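A short write-up of the structure that comes next.
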Amino acid sequence: MKQTVVTLDLEGVLVPEIWIAFATHTGIDELRLTTRDIADYDELMAHRMRILAKHGFNLTDIQDVIARLTPMPGAKEFLDSLRQETQVIILSDTFNQFAKPLMAQLGWPTIFCHELIIDDGAIVGYQLRQKDQKKKAVQALQGLNFAVIAAGDSHNDLAMIQQAETGILYCPPQILVENYPDLPMAWDYDDLRREIDVALTEIRR
């Protein structure tokens with residue numbers, strides 16, 4: 001029987017979108033854009049860093065907002081239950097400096113994400129763990145003879161969803177609903193767990 005791993009996106013799946021929370025806190029609507037809106041991650045991050053520099057925001061300003069965030073209702077219970085059934089890895093395009101307090105609230109699941117480059121408190125750049133890291137992480141797990149079930153909500157999750165043995169869109173934007181009608185879709189944690197359980201049963205058969 002093949003061993004399984006579930007790979008999950010973080011923001012929009014288990015926790016609120018950090019940049020949207022910061023945009024709400026600051027009143028800067030330009031910061032509300034996420035990978036649901038701009039598929040090119042480098043373009044999106046360049047946009048964000050320009051705005052941060054323009055307004056003089058630093059890492060601490062964002063971390064102060066993150067400290068007030070909590071996981072989505074039911075997220076920890078969903079994750080705890082799922083981890084009793086199979087290995088789970090969070091694959092996220094967030095940053096270690098953002099993720100730590102949220103991981104504490106989720107019971108310290110394994111997360112692979114990126115690193116910010118900080119100079120005197122200011123965010124001046126970022127270091128990708130590797131390009132297209134979500135898809136490559138799934139490929140690496142498959143190379144270790146794991147069957148992967150992947151779920152995410154945004155354009156930047158599509159590569160891992162399509163690479164996985166089973167890929168699931170979770171509460172996706174309408175453009176993904178329209179463009180990928182053949183992908184399984186889930187709209188709450190009960191839906192998502194049912195889709196994962198079906199995939200686990202098929203893989204283990």
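The model shown is predicted, which means the values in this text are computed figures rather than measured ones.
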> Roughly how far, to the nearest 0.5 Å, is the CE atom of M103 from the OG atom of S92?
Replying inline: 7.5 Å
> Would D37 and R32 count as a salt bridge (charged side-chain N to carboxylate O under 4.0 Å, His left out) if you check the C-alpha gap in whole Å, the side-chain angles of each, and the deciding distance to 0.1 Å?
Replying inline: CA-CA 9 Å; D37 308 296; R32 299 184 71 85; over 6 Å; no
>> Please determine whether residues V13 and I18 belong to a single hydrophobic cluster, defined as Ile, Leu, Val, Met, Phe, Trp and Tyr linked transitively by side-chain heavy-atom distances below 4.5 Å.
In response: yes
>> With a 4.5 Å cut-off on side-chain heavy atoms, are Q3 and R204 touching?
In response: no
> Could you give the distance from CZ (R129) to CG (D93), rounded to the nearest 0.5 Å?
Replying inline: 9.5 Å
> Are I90 and T110 close enough that some pair of their side-chain heavy atoms sits under 4.5 Å apart?
Replying inline: no
> F22 and I28: side chain to side chain contact (heavy atoms under 4.5 Å, CB included), yes or no, with the steps?
Replying inline: CA-CA 8 Å; F22 190 64; I28 301 173; over 6 Å; no
> Given side chains that start at C-beta, do those of P184 and L169 come closer than 4.5 Å, heavy atoms only?
Replying inline: no
> Are side-chain heavy atoms of L69 and L102 found at a separation under 4.5 Å?
Replying inline: yes
> L176 and S154: which non-hydrogen atoms are nearest, and at how many Å?
Replying inline: CD1-C, 3.7 Å
>> Whether the side chain of S81 engages the backbone of E77 through a donor-acceptor N/O pair (distance < 3.5 Å, no angle test) should be reported.
In response: no
>> Can you tell me how far apart CZ (F95) and CD (Q127) are? Round to the nearest 0.5 Å.
In response: 10.5 Å
>> Under a 3.5 Å distance rule, please check whether E202 uses its side chain to pair with a backbone N or O of D197 as donor and acceptor.
In response: no
>> Looking at every heavy atom in both G167 and L183, which two are closest together, and how far apart are they?
In response: O-CD2, 4.2 Å
>> Test side chain to side chain contact (heavy atoms under 4.5 Å, CB included) on L106 and L10; report intermediate values, then the result.
In response: CA-CA 11 Å; L106 288 171; L10 179 65; 4.1 Å; yes
> Taking atom CG of L52 and atom CE of M45, what is their separation to the nearest 0.5 Å?
Replying inline: 7.5 Å
>> If you count every heavy atom of other residues, nucleotides or ligands that lies below 6.0 Å from L128 atom CG, does the total exceed 12?
In response: yes
>> Looking at every heavy atom in both D153 and G12, which two are closest together, and how far apart are they?
In response: OD2-CA, 3.7 Å
>> Restricting to non-hydrogen atoms, name the atom on E115 and the atom on N96 that form the minimum distance, rounded to 0.1 Å.
In response: OE1-ND2, 2.5 Å
> Counting only N and O atoms by type, is there a donor-acceptor contact under 3.5 Å from the side chain of Y170 to the main-chain atoms of M185?
Replying inline: no
> Can you tell me how far CD of Q162 sits from CG of D157, rounded to the nearest 0.5 angstrom?
Replying inline: 11.0 Å
> Under the side chain to side chain contact (heavy atoms under 4.5 Å, CB included) criterion, do I196 and F78 qualify, and how do the steps go?
Replying inline: CA-CA 12 Å; I196 291 172; F78 163 76; 4.1 Å; yes
>> Within the 4.5 Å heavy-atom criterion, are V65 and D61 side-chain neighbours or not?
In response: no
> Can you tell me if NZ on K2 sees more than 12 non-hydrogen neighbours from other groups inside 6.0 Å?
Replying inline: yes
>> Are L8 and L200 connected into the same hydrophobic cluster when the rule is that any two of I, L, V, M, F, W, Y join if their side-chain heavy atoms are below 4.5 Å apart?
In response: yes
>> Run the side chain to side chain contact (heavy atoms under 4.5 Å, CB included) test on I123 and N58 for me, step by step, so that the C-alpha distance in whole Å, both residues' side-chain angles and the decisive distance to 0.1 Å come before the verdict.
In response: CA-CA 6 Å; I123 299 171; N58 59 30; over 6 Å; no
> Do any N or O atoms from the side chain of K136 and from the backbone of K131 form a donor-acceptor pair under 3.5 angstrom?
Replying inline: yes
>> Has R48 got a side-chain atom pairing as donor or acceptor with E30's backbone, closer than 3.5 angstrom?
In response: no
>> Can you give me the closest heavy-atom contact between H114 and Y41, atom names plus distance?
In response: CD2-OH, 4.0 Å
>> Do H155 and I38 have side chains that approach each other closer than 4.5 Å (heavy atoms only, starting at C-beta)?
In response: no
> Say you draw a straight line from CH2 of W19 to CD1 of I66; how long is it, rounded to the nearest 0.5 Å?
Replying inline: 8.5 Å
>> Please determine whether residues L82 and W108 belong to a single hydrophobic cluster, defined as Ile, Leu, Val, Met, Phe, Trp and Tyr linked transitively by side-chain heavy-atom distances below 4.5 Å.
In response: yes
> Taking side chain as C-beta onward, heavy atoms only, is F57 less than 4.5 Å from I62?
Replying inline: no
>> Using the rule given for side chain to side chain donor-acceptor pair (under 3.5 Å), can you reason through D42 versus Y126, listing the C-alpha separation, both sets of side-chain angles and the distance that settles it, and then say yes or no?
In response: CA-CA 10 Å; D42 290 324; Y126 59 95; 2.5 Å; yes
>> Taking atom CD as the centre, does Q87 end up with more than 12 heavy-atom neighbours from other residues, nucleotides or ligands that are less than 6.0 angstrom away?
In response: no
>> Quick one, L116 and F98 - any side-chain contact, counting heavy atoms below 4.5 Å?
In response: yes
>> Please check: side-chain N/O of E17 versus main-chain N/O of T34, any donor-acceptor pairing under 3.5 Å?
In response: no
>> According to a hydrophobic-cluster definition based on side-chain heavy atoms being under 4.5 Å apart (Ile, Leu, Val, Met, Phe, Trp, Tyr only), do V88 and M72 belong together?
In response: yes
> Any link between V6 and I168 through a network of hydrophobic side chains (Ile, Leu, Val, Met, Phe, Trp, Tyr) touching at under 4.5 Å?
Replying inline: yes
> Taking all non-hydrogen atoms of both residues, which atom of F146 and which atom of E165 are closest, and how far apart?
Replying inline: O-OE2, 4.2 Å
> Do T7 side-chain atoms and I89 backbone N/O form a donor-acceptor pair below 3.5 Å?
Replying inline: no
> Hey, is D191 close enough to R194 for a salt bridge, meaning N to O under 4.0 Å?
Replying inline: yes
